[in-house]
S.K.: 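Please see the structure below; I have some questions.
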Amino acid sequence: MTKHKISIVIPAYNEQSSLPVLLPRIVEVIPPSCDYEIIVVDDGSRDNTAEAVLTARHHNTRIHLISLSRNFGHQYALKAGLDMATGDCVITMDADLQHPPHLLPELIQGWQNGYDIVYTVRRENKQTPFLKRLSSRLYYRLFNFLTGLHLTSGSADFRLLDKRVVAEIKKLPERMLFLRGMISWMGFRQLAVPYTPADRYAGKSRYTWRKMFSLALTGATSFSLKPLRLAVYMGLTVAFLGCLLTAYVLYMRLFNGSVISGWASTLCVILILGGVQLLMMGIIGEYIGMIFMEAKRRPQYIISHTTLDRTDK
Ligand code: UDP
Ligand code: MG
């Protein structure tokens, strides 16, 4: 029987202290019956992440480094790793040890049992900041409502993908990435594995609120036209209410003779309408922005150097 090859892709942004702990733990748990490669994608780190990987590579040449030319973001670092991986399956995981390496054999087992995608679902954890838990839960609710997909709250980019799935991801032409959604959309046989996240090994989350918000917007707008529909419905509702109000005013004027005074109500209507209009313009703007980004057809990332030799790609 030929040995299965497993690729492990780890995006890393300023993770010089976690990697020396993480890499040996991964090597330890890979079943001896499998061949493997570990690809760390250095997403433009400003610390010695790249050096940490190269040091590990001294002892184990199956560890590889891809250095991106700047910070492109988690999703793009993941994509760079997926593009370069050659395994029969690819496991993506974070560098900060929040995705426990001891789960790898279970993921691999699921794959060997015939599942094409084995994804993990984070168990609610009191250590996760309350705001992050709340925003994550609300977001997945909203995302599923908007897109009709079924993303589980707490699904992260810790999963195993069969090489067929990776090939399909590479075929998707879009530039803006929301891998969670794309993979859920793809179908195939999927298996969920629950896990309890560990604490971040070192430093703070590299995902700032700004980065998270931007990912959330990309997700919602690249998977659904519903936000645009909402604008239509809201516009119709407001227009209808306006008609009712006009009818009422006319009635009062013609048959009651009373003059309707009140600048306050006028102001409220103006403010609310103004707000709704701005919001809707913002939503439309988001889509135009997406079209603009896609139309430019820029590469998703730029590799500055790598230890991988993939001249065949
Ligand atoms: N990461 C990255 N580029 C970024 C931000 C984060 O490659 O711009 C990596 C980071 O090093 C980690 C993973 O993505 O391996 C998840 O980031 P983090 O742990 O900070 O996010 P959280 O777990 O808080 O959602
Ligand atoms: Mg983390």
Side-chain angles (χ1 to χ4, degrees), residues 8-23 25-26 38-53 56 63-85 90-101 103-104 119-140 143 151-159 176-180 195-219 300-304 306:
I8 294 168
V9 168
I10 307 170
Y13 179 52
N14 296 341
E15 304 282 7
Q16 63 173 9
S17 28
S18 339
L19 284 171
V21 184
L22 174 69
L23 295 175
R25 287 208 198 156
I26 293 178
I38 299 178
I39 302 176
V40 181
V41 186
D42 173 14
D43 186 15
S45 301
R46 265 167 298 199
D47 66 354
N48 294 323
T49 298
E51 284 75 7
V53 179
I63 296 176
H64 287 278
L65 171 72
I66 300 178
S67 278
L68 302 188
S69 60
R70 65 168 170 86
N71 181 243
F72 279 87
H74 179 215
Q75 300 288 299
Y76 302 92
L78 274 173
K79 181 68 171 17
L82 288 180
D83 285 344
M84 298 291 267
V90 181
I91 297 176
T92 56
M93 65 193 293
D94 286 357
D96 58 1
L97 286 139
Q98 281 188 307
H99 297 161
L103 222 63
L104 294 188
Y119 64 97
T120 63
V121 182
R122 192 169 58 218
R123 279 199 197 97
E124 285 296 323
N125 180 339
K126 289 275 160 317
Q127 263 120 40
T128 323
F130 173 74
L131 260 182
K132 188 151 184 170
R133 264 185 292 155
L134 185 74
S135 61
S136 155
R137 208 176 312 158
L138 281 179
Y139 179 65
Y140 282 111
F143 182 87
L151 273 192
T152 328
S153 162
S155 56
D157 287 305
F158 178 26
R159 65 172 91 73
M176 307 283 285
L177 291 180
F178 185 65
L179 285 167
R180 267 161 246 190
Y195 77 102
T196 313
D199 283 342
R200 191 168 224 295
Y201 181 73
K204 281 201 304 243
S205 170
R206 309 294 188 253
Y207 254 100
T208 54
W209 282 100
R210 196 170 60 87
K211 276 185 189 171
M212 234 173 332
F213 193 67
S214 143
L215 180 67
L217 268 182
T218 307
Q300 290 166 319
Y301 54 84
I302 296 172
I303 295 177
S304 72
T306 170

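Numbering of ligands and ligand atoms starts at 1, following listing order. What you see is a predicted model, and the numbers here were worked out from it, not measured in a lab.
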S.K.: Do any N or O atoms from the side chain of Thr49 and from the backbone of Glu15 form a donor-acceptor pair under 3.5 angstrom?
M.R.: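 Judged by distance alone, yes, a pair lies under 3.5 Å.
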
S.K.: Decide yes or no for Thr120 and Arg159: does some side-chain heavy atom of the first lie under 4.5 Å from some side-chain heavy atom of the second?
M.R.: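 Not in contact.
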
S.K.: Counting N and O atoms only, with roles assigned by atom type, does the side chain of Thr218 sit under 3.5 Å from a partner on the main chain of Ser214, one being a donor and the other an acceptor?
M.R.: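 Side chain of Thr218 to backbone of Ser214, a donor-acceptor pair under 3.5 Å: yes, one is there.
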
S.K.: Give the ring-plane orientation class for Tyr195 versus His99, where under 30° counts as parallel, over 60° as perpendicular and anything between as tilted.
M.R.: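 The arrangement is perpendicular - the two ring planes meet at more than 60°.
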
S.K.: Donor-acceptor check, side chain of Asp43 to backbone of Ala77, threshold 3.5 angstrom: yes or no?
M.R.: no

S.K.: Check whether any N, O or S atom of Asp94, backbone or side chain, sits closer than 2.8 Å to the Mg ion (ligand 2).
M.R.: no

S.K.: Testing Val41, Leu78, Val53, Leu23 for side-chain contact (heavy atoms from CB on, under 4.5 Å) with Ile10, which one passes?
M.R.: Leu23

S.K.: How close does the nearest protein non-hydrogen atom get to atom 17 (O) of ligand 1, and which residue and atom is it?
M.R.: Tyr207 CD1, 3.9 Å

S.K.: Quick one: nearest non-hydrogen protein atom to atom 1 (N) of ligand 1, plus distance?
M.R.: Tyr13 CB, 3.7 Å

S.K.: Is there side-chain contact between Asp42 and Ile66, with at least one heavy-atom pair below 4.5 Å?
M.R.: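 Side-chain contact under 4.5 Å: no.
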
S.K.: For atom 9 (C) of ligand 1, what's the nearest protein heavy-atom neighbour? Residue, atom name and distance, please.
M.R.: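 Of every protein heavy atom, Pro11 O, 3.7 Å lies nearest to atom 9 (C) of ligand 1.
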
S.K.: What residue and heavy atom of the protein are closest to atom 12 (C) of ligand 1, and at what distance?
M.R.: Glu15 OE2, 3.5 Å

S.K.: Quick check with a 6.0 Å cut-off and a 45 degree axis cone: is Arg70 positioned over the face of Phe72's six-membered ring?
M.R.: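 Yes, Arg70 and Phe72 form such a contact.
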
S.K.: Distance under 4.0 Å to a non-hydrogen atom of Asp96: what atoms of ligand 1 satisfy this?
M.R.: 19 (O), 23 (O)

S.K.: For atom 14 (O) of ligand 1, what's the nearest protein heavy atom and its distance?
M.R.: His74 CD2, 3.2 Å

S.K.: Of all the atoms in ligand 1, which lie at a distance below 4.0 Å from a heavy atom belonging to Lys211?
M.R.: 4 (C), 5 (C), 8 (O)

S.K.: Give the minimum heavy-atom separation between Ala85 and Val90, together with the two atoms involved.
M.R.: CB-CG2, 3.8 Å

S.K.: Looking at Asn71, which atoms of ligand 1 are within less than 4.0 Å of one of its heavy atoms?
M.R.: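 This gives 3 (N), 4 (C), 8 (O) as the contact atoms.
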
S.K.: Suppose I only count heavy atoms of Gly73 and a 4.0 Å limit; which atoms of ligand 1 are within that range?
M.R.: 3 (N), 8 (O)

S.K.: Would you mind checking which non-hydrogen protein atom is closest to atom 24 (O) of ligand 1, with the distance to 0.1 Å?
M.R.: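 Looking at atom 24 (O) of ligand 1, the protein heavy atom closest to it is Ser205 OG, 2.5 Å.
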
S.K.: Using a strict cut-off of 4.0 Å, indicate which atoms of ligand 1 neighbour a heavy atom of Gln98.
M.R.: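 Matching atoms, with element in brackets: 19 (O), 23 (O).
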
S.K.: Which residue holds the protein heavy atom closest to atom 6 (C) of ligand 1, what is that atom called, and what is the gap in Å?
M.R.: Arg206 CB, 3.6 Å

S.K.: Between ligand 1 and Ala77, is the shortest N or O to N or O distance under 3.5 Å?
M.R.: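 No; every N/O pair is 3.5 Å or more apart.
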
S.K.: So which bit of Asn14 gets within less than 4.0 Å of ligand 1, heavy atoms only: side chain, backbone, both or neither?
M.R.: neither

S.K.: For Thr306, does its backbone N or O pair with a side-chain atom of Ser67 as donor and acceptor, under 3.5 Å?
M.R.: no

S.K.: Please identify which atoms of ligand 1 are closer than 4.0 Å to at least one heavy atom of Ala12.
M.R.: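 Counting from 1, the qualifying ligand atoms are 7 (O), 11 (O).
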
S.K.: Output the distance between atom CG (Leu82) and atom CD (Gln75), rounded to the nearest 0.5 Å.
M.R.: 10.0 Å

S.K.: Which residue holds the protein heavy atom closest to atom 18 (P) of ligand 1, what is that atom called, and what is the gap in Å?
M.R.: Arg200 NH2, 3.5 Å

S.K.: Please classify the Asp94 to ligand 1 contact at 4.0 Å (heavy-atom distances, strictly less than): side chain, backbone, both or neither.
M.R.: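 It is both parts that get close, each with some atom under 4.0 Å.
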
S.K.: Which angle, to 10 degrees, forms at the Mg ion (ligand 2) with OE1 of Gln98 on one side and OD2 of Asp96 on the other?
M.R.: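 About 100°, to the nearest ten degrees.
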
S.K.: First locate atom CD of Glu51, then atom CG of Leu19, and finally report the distance between them rounded to the nearest 0.5 Å.
M.R.: 11.5 Å

